[in-house]
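As the structure is a prediction and not an experimental result, all values here were calculated from the model.
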Amino acid sequence: MELTNRNIDGGNGFDWGRTSGDYARYRDIYPQTFYDRILARGLCTAGQAALDLGTGTGVLPRNLYPYGAQWTGTDISPQQISQAKQLSAGMQITYRVCSAEQLDFPTDSFDVITACQCYWYFDHGKVAPILARMLRPGGRVLFLCMEWLPFEDPVANASEQLVLKYNPSWTGAGETMHPISLPDCYGAYFTLTHREEYLLDVPFTRDSWNGRMRACRGVGASLPPEQIAAWEQEHMQMLEHLAPEAFTVRHYAAMAELTLHSTER
């Protein structure tokens, strides 16, 4: 399903379904500390019902599944959900194709709702009251991201510049470390109860970093096949000159935790 947003990539369309195979193979990259920070907040553990928005290939539910929460994952892309189901074989995780703006789970369905690497696509004015309705009293929403830092990492910077060569409208470049900022509309339903940012060095090989970059919105989700092939050939040549076979890329991770107002129930 092609998406457009006038504030993203100059309004050019992108479709995560086009890159779901790469997403499944190369985007399960969050280190254990990323999950440990979630668990340290008492979230996504045994006895809780958890909903993951924009779940993609089910990365969060699959990696947090051993800690006992009952998981549901939703995503707007049928191809992403298909990959999630395959990768979750043997796990009791429910998946549904649905946008965040069209969620219709019953009132008081969940203890925690997560949104990782997807919340910037939301129509927040529509989503905020939906999340508040679906959460149980005291329920929490956790917004999460992990982004490479091009101004601190030469490999990330060089890869970004190559994406921009082929896709000048891509707005995913130039990330810096900063807190997650959310629209004021959430204040009508939630209180910000925790926020943090921290640095990570994430391990890659040339192949896995190439796959990670190919799976990004600026390449695999938007470029035509012939341009993807040309980008990849140039990218691999660049990595052979710039990076050893195994290396790390500097990232930062961030979370923002919102707790449902007690007056909402």
Side-chain angles (χ1 to χ4, degrees), residues 16 18-40 54-67 79-80 83-84 86-89 91 116-118 144-167 170 172-178 196-223 225 227-255:
W16 292 116
R18 292 177 52 195
T19 190
S20 58
D22 277 342
Y23 210 104
R25 184 176 179 184
Y26 295 110
R27 289 293 298 266
D28 189 352
I29 57 174
Y30 303 116
Q32 184 59 40
T33 186
F34 184 87
Y35 300 108
D36 289 342
R37 300 269 182 148
I38 297 171
L39 298 166
T55 196
T57 60
V59 173
L60 251 66
R62 289 189 283 111
N63 282 279
L64 288 168
Y65 184 80
Y67 300 96
Q79 294 91 340
Q80 293 281 70
Q83 291 283 351
Q86 293 178 48
L87 293 169
S88 301
M91 303 179 187
C116 184
Q117 301 290 121
C118 60
L144 300 151
C145 71
M146 187 178 80
E147 305 285 350
W148 62 72
L149 292 168
F151 303 118
E152 298 185 28
D153 192 287
V155 173
N157 183 62
S159 294
E160 274 197 357
Q161 295 309 307
L162 189 60
V163 175
L164 289 168
K165 174 183 174 180
Y166 284 83
N167 190 348
W170 179 54
E175 186 69 38
T176 59
M177 186 172 178
H178 60 84
E196 66 176 299
E197 306 80 44
Y198 54 97
L199 292 171
L200 295 165
D201 288 316
V202 182
F204 290 94
T205 64
R206 289 175 187 158
D207 176 71
S208 65
W209 176 248
N210 177 72
R212 166 67 185 91
M213 291 300 302
R214 191 175 62 224
C216 81
R217 191 182 69 237
V219 183
S222 56
L223 294 179
Q227 285 193 304
I228 295 173
W231 172 88
E232 181 169 27
Q233 181 179 14
E234 192 169 349
H235 191 237
M236 287 301 296
Q237 290 173 348
M238 181 201 79
L239 290 177
E240 289 173 4
H241 288 91
L242 184 63
E245 178 57 33
F247 56 95
T248 62
V249 174
R250 176 59 58 95
H251 288 65
Y252 85 96
M255 69 166 64

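- Salt bridge present: R62 and D28 bring a charged side-chain N and a carboxylate O closer than 4.0 Å.
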Between R217 and W16, is a side chain to side chain contact (heavy atoms under 4.5 Å, CB included) present by the stated rule, with each step listed? CA-CA 7 Å; R217 191 182 69 237; W16 292 116; 3.5 Å; yes
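- Counting heavy atoms from C-beta outward, E197 and M255 have side chains that stay 4.5 Å or more apart.
- L239 is not listed as a side-chain neighbour of F204, based on a closest heavy-atom distance of 4.5 Å or more.
- Counting heavy atoms from C-beta outward, M146 and I29 have side chains that approach closer than 4.5 Å.
- The line from OG of S222 to CZ of R18 is 6.5 Å long, rounded to the nearest 0.5 Å.
- Atom CD1 of I228 is separated from atom CD of Q233 by 14.5 Å, given to the nearest 0.5 angstrom.
- Every residue two or more places apart in sequence or in another chain was checked for a salt bridge (Lys or Arg N to Asp or Glu O under 4.0 Å) with D153, and none qualifies.
- Considering every non-hydrogen atom in both W170 and L164, the closest pair reads O-CD2, 3.6 Å.
- When all heavy atoms of Q83 and T57 are compared, the closest pair comes out as CB-CG2, 3.8 Å.
- Taking Q161 as the reference, nothing meets the side chain to side chain donor-acceptor pair (under 3.5 Å) condition, with sequence neighbours excluded.
- Using modelled atom types, one finds a donor on one side chain and an acceptor on the other under 3.5 Å when comparing W148 with E160.
- Residues L87 and A24 share a closest heavy-atom pair of CD1-CB, 3.8 Å.
- Under the 6.0 Å distance and 45° angle rule, R37 counts as a cation-pi partner of Y198.
- In this structure, A84 and G58 approach most closely via the heavy-atom pair CB-N, 3.7 Å.
- Distance alone, capped at 3.5 Å, is enough to place a donor-acceptor pair between the N63 side chain and the V59 backbone.
- Contact detail for S159 and M238: the closest heavy-atom pair is OG-CE, 3.6 Å.
- Under 3.5 Å, the side chains of Y23 and Q79 contain no donor-acceptor pair of N or O atoms.
- The number of heavy-atom neighbours closer than 6.0 Å to NE2 of H178, taken from other residues, nucleotides and ligands shown, is above 12.
- Looking only at side-chain heavy atoms (C-beta outward), T33 and L200 come within less than 4.5 Å of each other.
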Walk me through it: do R214 and H235 pass the test side chain to side chain contact (heavy atoms under 4.5 Å, CB included)? CA-CA 9 Å; R214 191 175 62 224; H235 191 237; over 6 Å; no
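- For the residue pair Y252/E175, the side-chain donor-acceptor check at 3.5 Å is satisfied.
- The aromatic rings of F247 and W209 stand perpendicular to each other, their planes meeting at an angle above 60°, with 30° marking the opposite boundary.
- Residues Q117 and L144 fail the side-chain proximity criterion, which asks for heavy atoms closer than 4.5 Å.
- Separating the SG atom in C116 from the OH atom in Y30 is a distance of 3.5 Å, to the nearest 0.5 Å.
- Separating the OG1 atom in T55 from the CG atom in L60 is a distance of 7.0 Å, to the nearest 0.5 Å.
- Residues Y166 and E234 meet the side-chain proximity criterion, which asks for heavy atoms closer than 4.5 Å.
- Atom OG1 in T205 sits 5.5 Å away from atom CD in E245 (nearest 0.5 Å).
- Here the rule is side chain to side chain contact (heavy atoms under 4.5 Å, CB included) with V202, and of R212, R250, H251 only H251 fits it.
- Here the side chains of L64 and L39 are in contact, with some heavy-atom distance below 4.5 Å.
- Counting all heavy atoms, side chain and backbone alike, G211 lies closest to D22 at O-CB, 4.5 Å.
- Between M177 and L199 the shortest side-chain heavy-atom distance falls below 4.5 Å.
- Under the side chain to side chain contact (heavy atoms under 4.5 Å, CB included) criterion, F151 pairs with T176, sequence neighbours left out.
- Of the possible donor and acceptor atoms, none in the side chain of R206 sits under 3.5 Å from a partner among the backbone N and O of M236.
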